[in-house]
Q: 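Below you'll find the structure I mean.
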Amino acid sequence: MRIDRRELGKYYASLNDEELLSLKRDDLTEAAQIIYDFEIVGRGLKEKLSAKKEIEGTLQPSGYRFAD
């Protein structure tokens, strides 16, 4: 599947801050990560993203799994 980078950039730009921050960067392709990073930096959300990662790390201790 080929991704149009301009369309992806428009899509990320259309998201509000909360929606954009809710995306999991590690799940994105390399090209999508670059566009995502550009949007995050452009909006000045880098600090919020770092804080979100720290909070998630404390809420989800490694080594624990929930039973299915």
Side-chain angles (χ1 to χ4, degrees):
M1 177 179 185
R2 186 165 169 86
I3 298 172
D4 183 328
R5 293 178 184 190
R6 286 177 293 204
E7 289 300 315
L8 188 56
K10 288 179 187 178
Y11 171 70
Y12 289 161
S14 75
L15 299 175
N16 65 40
D17 291 352
E18 186 177 315
E19 292 169 328
L20 185 64
L21 290 169
S22 73
L23 297 176
K24 294 181 179 163
R25 185 182 184 278
D26 292 341
D27 291 344
L28 304 175
T29 65
E30 186 177 340
Q33 288 178 356
I34 292 168
I35 297 165
Y36 174 84
D37 291 346
F38 183 79
E39 188 67 27
I40 290 289
V41 170
R43 292 188 193 191
L45 298 175
K46 193 168 182 161
E47 291 78 25
K48 284 187 180 182
L49 183 61
S50 295
K52 177 182 172 244
K53 287 181 181 179
E54 284 182 33
I55 290 169
E56 287 177 350
T58 61
L59 295 176
Q60 299 174 4
S62 61
Y64 290 94
R65 292 186 53 206
F66 292 101
D68 293 328

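Note that the structure is predicted; figures quoted are calculated from it, not measured.
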Q: I need the Glu47 CD to Ile40 CD1 distance, nearest 0.5 Å.
A: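 Glu47 CD to Ile40 CD1: 10.5 Å, rounded to 0.5 Å.
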
Q: For Leu28, enumerate each residue passing the side chain to side chain contact (heavy atoms under 4.5 Å, CB included) test, keeping only those at least two apart in sequence or located in another chain.
A: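 Result, side chain to side chain contact (heavy atoms under 4.5 Å, CB included) vs Leu28: Tyr12, Ala32, Gln33, Tyr36.
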
Q: Which residue pairs satisfy the salt bridge (Lys or Arg N to Asp or Glu O under 4.0 Å) criterion with at least one member in residues 11-23, sequence neighbours excluded?
A: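 Sorted result for residues 11-23: Asp17-Arg43.
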
Q: Can you list the residues that meet the salt bridge (Lys or Arg N to Asp or Glu O under 4.0 Å) rule with Lys10, with sequence neighbours excluded?
A: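 Result, salt bridge (Lys or Arg N to Asp or Glu O under 4.0 Å) vs Lys10: Glu7.
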
Q: Suppose we screen for salt bridge (Lys or Arg N to Asp or Glu O under 4.0 Å). Which residues come up paired with Asp26, at least two apart in sequence or across chains?
A: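 For Asp26, no residue satisfies salt bridge (Lys or Arg N to Asp or Glu O under 4.0 Å) once neighbours in sequence are set aside.
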
Q: Which residues pass the side chain to side chain contact (heavy atoms under 4.5 Å, CB included) test with Ala31, not counting sequence neighbours?
A: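 Partners of Ala31 under the side chain to side chain contact (heavy atoms under 4.5 Å, CB included) test: Arg5, Thr29.
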
Q: Just to verify, what does Tyr11 make a side chain to side chain contact (heavy atoms under 4.5 Å, CB included) with, not counting sequence neighbours?
A: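 Tyr11: side chain to side chain contact (heavy atoms under 4.5 Å, CB included) contacts with Leu8, Ser14, Leu15.
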
